[in-house]
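Naming convention: chains lettered A, B, ... in sequence-line order (proteins, then strands); numbering from 1 in each chain. Small disclaimer: the values here were computed from a predicted structure and weren't measured.
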Protein chains: 2
Amino acid sequence: MLTNSRLVHQTHDHGRCIKAALTRALDLCVERKARMTPTREAVLRLLWQSHQPLGAYQLQDQLATLLDKKIAPPTVYRAIEFLLQLGLIHRIASLNAYIGCPFPNSDHSNLFMICNNCGSAAEVAHASINELLQTASDKANFTLQSQTLELFGLCPQCAYIENKSK
Amino acid sequence: MLTNSRLVHQTHDHGRCIKAALTRALDLCVERKARMTPTREAVLRLLWQSHQPLGAYQLQDQLATLLDKKIAPPTVYRAIEFLLQLGLIHRIASLNAYIGCPFPNSDHSNLFMICNNCGSAAEVAHASINELLQTASDKANFTLQSQTLELFGLCPQCAYIENKSK
DNA sequence: AAGTGTTACGTTATAATATAACATAAATAT
DNA sequence: ATATTTATGTTATATTATAACGTAACACTT
Ligand SMILES: [Zn+2]
Ligand SMILES: [Zn+2]
Ligand SMILES: [Zn+2]
Ligand SMILES: [Zn+2]
């Protein structure tokens, strides 16, 4: 079970998260002969600014500040599309939002644990869940191609606080 | 494993599906002292007209025909909201679309198998998947409250046709 | 039956998310 | 240098969803 769940839900040296993500991204770009442009890098940075998914228009706002110029929606969506293609980020369908992928190299069917209270989202690659989904698909004669798996609830921190206040 | 997958992906007496859904809905309304109005019933009918999820604006179009009058978005969304509350329909987040629930009584965390080719969606309540998701959440100290689980691929029929044509 | 509160619907406007279409600029290849 | 590809700028618009406020229908009390 590959996950960034500990990290996401605890205070940590977050500068490292960002730096590591950028390094991975640059490596992947070299490998795939893709170009990491300023806009694309800025979007990736913003998506790693926190462990909370951001919407396209939140990104747009923050890009204006970061790049010090107005960016129109198509540009934002193009950068998002590019990063999605490379597997550097994911889309959280139930939130219409995007988040950096902590392990873009490993070919994974991912799962997210999203906190209803603080909005943080941890990614989990859980082999046995994926196997079970595959088995269930097989049994139904369904040819599984992709999946959206988003769990909502309370992260450890928020659950702790909630319990305390009772 | 509770599922309507066989039914969804095969030709069947679909009138029965619709009739059964309406009966269940009316029963539930009596039980909950909720009102099944013409608009609400029409939306439910439309969502059972096929086993494919429909978007709110598709519903709007079809409502115009079915009720023989123009219906504005808020009315459509109100009916959707009502049916969602009663658990009579589900929202498919990755499609922004809605579909009738085949077993609204059983308290279930559901899963959908959605065909990328024909758009049909089967619902599956799979206890061991849910248990595993619960276990994974527990391990991560995550308090699971709800889930979105949508599998995309090819339904048996479409997979069969695809194989044949190769 | 009349009055009262509640629930649902009508209507208009608008918010939020996403893409189409076409022009320009920058990078890469020949 | 020129041609080709790739990325971005720009304008307009499509798609999904909700806010706000008024009216009508229903249901309960008296
Ligand atoms: Zn971090
Ligand atoms: Zn939290
Ligand atoms: Zn049917
Ligand atoms: Zn199909």
Side-chain angles (χ1 to χ4, degrees), chain A residues 25-26 28-44 46-47 52-64 66-86 88-99 119 148 150, chain B residues 25-26 28-44 46-47 52-64 66-86 88-99 119 148 150:
Chain A
L26 290 173
L28 197 58
C29 281
V30 171
E31 192 188 319
R32 303 278 184 88
K33 290 175 185 162
R35 292 187 222 159
M36 181 54 75
T37 65
T39 315
R40 291 167 176 178
E41 181 172 329
V43 168
L44 189 59
L46 288 172
L47 288 182
Q52 294 160 344
L54 289 182
Y57 287 78
Q58 288 176 283
L59 284 169
Q60 186 191 20
D61 286 347
Q62 300 186 24
L63 278 173
L66 190 59
L67 299 177
D68 199 35
K69 64 173 170 176
K70 284 262 160 88
I71 298 285
T75 302
V76 180
Y77 279 101
R78 283 171 189 147
I80 288 172
E81 181 58 28
F82 172 84
L83 297 168
L84 282 173
Q85 292 289 349
L86 281 188
L88 289 168
I89 64 172
H90 294 290
R91 180 169 195 274
I92 311 283
S94 28
L95 297 177
N96 296 327
Y98 307 86
I99 192 167
T148 294
E150 296 158 5
Chain B
L26 289 173
L28 197 58
C29 281
V30 171
E31 191 188 320
R32 304 277 184 89
K33 289 176 186 164
R35 291 188 223 158
M36 180 54 74
T37 66
T39 315
R40 291 166 176 177
E41 181 173 329
V43 168
L44 188 59
L46 288 171
L47 289 182
Q52 296 161 343
L54 289 183
Y57 287 79
Q58 288 176 283
L59 283 169
Q60 186 191 20
D61 286 347
Q62 299 187 23
L63 278 172
L66 190 58
L67 298 178
D68 199 37
K69 64 172 171 178
K70 284 261 161 86
I71 298 285
T75 302
V76 180
Y77 279 100
R78 282 172 191 146
I80 289 173
E81 181 58 28
F82 173 84
L83 297 168
L84 282 173
Q85 293 288 348
L86 281 188
L88 289 168
I89 64 172
H90 294 290
R91 181 172 194 272
I92 311 283
S94 28
L95 297 177
N96 297 326
Y98 306 86
I99 192 168
T148 293
E150 295 158 6

Trainee: I'd like to know if the side chain of B/Glu150 and the backbone of B/Ser94 have a donor-acceptor N/O pair within less than 3.5 Å.
Mentor: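 Such a contact is found between B/Glu150 side chain and B/Ser94 backbone.
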
Trainee: For A/Lys70, enumerate each residue passing the side chain to side chain contact (heavy atoms under 4.5 Å, CB included) test, keeping only those at least two apart in sequence or located in another chain.
Mentor: none

Trainee: With sequence neighbours left out, write down each residue that passes side chain to side chain contact (heavy atoms under 4.5 Å, CB included) with A/Ala97, or none if nothing qualifies.
Mentor: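 Once residues adjacent in sequence are excluded, the partners of A/Ala97 under the side chain to side chain contact (heavy atoms under 4.5 Å, CB included) criterion are A/Pro53, A/Leu95.
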
Trainee: Starting at atom CG of A/Leu54, determine the distance to atom P of C/dA16, rounded to an integer number of angstrom.
Mentor: 16 Å

Trainee: Indicate whether OP1 or OP2 belonging to C/dA18 is found under 4.0 Å from a side-chain N or O atom of A/Arg91.
Mentor: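 Result: yes.
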
Trainee: Output all residues satisfying side chain to side chain donor-acceptor pair (under 3.5 Å) with B/Arg32, sequence neighbours left out; order by chain, then residue number.
Mentor: none

Trainee: Of all of residues 31-38 of chain A, which get a heavy atom below 4.0 angstrom from DNA chain C, listed by number?
Mentor: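 Residues of residues 31-38 of chain A under 4.0 Å from DNA chain C: A/Arg35.
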
Trainee: Whether B/Asn96 contacts C/dT17 is assessed here as follows: a side-chain N or O lying under 4.0 Å from the phosphate OP1 or OP2. Is that the case?
Mentor: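 No, outside the criterion.
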
Trainee: How far does CG of B/Leu44 sit from CZ of B/Phe82, to the nearest 0.5 angstrom?
Mentor: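 Reported value, rounded in 0.5 Å steps: 9.5 Å.
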
Trainee: I'd like to check the side chain to side chain contact (heavy atoms under 4.5 Å, CB included) partners of A/Arg78; sequence neighbours left out, ordered by chain and number.
Mentor: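 Only A/Pro74, A/Thr75 meet the side chain to side chain contact (heavy atoms under 4.5 Å, CB included) criterion with A/Arg78.
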
Trainee: So where does chain A start and stop touching DNA chain D, 5' to 3', when the test is distance under 4.0 Å to a non-hydrogen atom?
Mentor: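 Terminal contacting nucleotides, 5' to 3': D/dT6 to D/dT11.
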
Trainee: Under the rule for side chain to side chain donor-acceptor pair (under 3.5 Å), what residues qualify as partners of A/Gln60, not counting sequence neighbours?
Mentor: none

Trainee: Scan the side chains in residues 34-41 of chain B for donor-acceptor partners under 3.5 Å anywhere in the protein, sequence neighbours excluded, and list what turns up.
Mentor:
residue, atom, partner, partner atom, Å
B/Thr37, OG1, B/Arg40, N, 3.4
B/Arg40, NH1, B/Arg35, O, 2.6
B/Glu41, OE2, B/Arg45, NH1, 2.9

Trainee: Not counting sequence neighbours, which residues clear side chain to side chain contact (heavy atoms under 4.5 Å, CB included) with A/Lys69? List them please.
Mentor: A/Leu67, A/Ile71

Trainee: Round to the nearest Å and state the distance from B/Leu63 atom CG to C/dC9 atom P.
Mentor: 11 Å

Trainee: Is there a side-chain contact (heavy atoms from CB on, under 4.5 Å) between B/Arg91 and B/Asn96 once you walk through the steps?
Mentor: CA-CA 7 Å; B/Arg91 181 172 194 272; B/Asn96 297 326; 3.0 Å; yes

Trainee: Do any of residues 70-81 of chain A sit with a heavy atom less than 4.0 Å from DNA chain D, and if so which?
Mentor: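 Correct list: A/Ala72, A/Pro74, A/Thr75, A/Arg78.
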
Trainee: Could you state the atom-to-atom distance from CG of B/Leu95 to P of C/dA18 in whole Å?
Mentor: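 Rounding to the nearest Å, CG of B/Leu95 and P of C/dA18 are 14 Å apart.
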
Trainee: Only counting residues at least two apart or in another chain, list the ones meeting side chain to side chain donor-acceptor pair (under 3.5 Å) with A/Glu81.
Mentor: A/Gln85

Trainee: Can you see which heavy atom on B/Ala93 is nearest to which on B/Thr148, and at what distance?
Mentor: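 Looks like CB-CG2, 4.2 Å.
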
Trainee: Calculate the interatomic distance between A/Tyr98 atom OH and C/dA18 atom C1'; express it in whole Å.
Mentor: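 Computing the A/Tyr98:OH to C/dA18:C1' distance gives 8 Å.
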
Trainee: Do A/Leu28 and A/Glu31 have side-chain heavy atoms sitting under 4.5 Å apart?
Mentor: yes

Trainee: Measure from CZ on A/Phe82 to P on C/dA27 and round the result to the nearest Å.
Mentor: 15 Å

Trainee: Have a look at the helix from C/dA1-D/dT30 to C/dT30-D/dA1 and give the angle its two end axes make, five pairs each, rounded to 10 degrees.
Mentor: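 Roughly 20° between the end axes, to the nearest 10°.
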
Trainee: Between C/dA15 atom P and A/Gln58 atom CD, what is the distance in whole Å?
Mentor: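 After rounding, the reported distance stands at 17 Å.
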
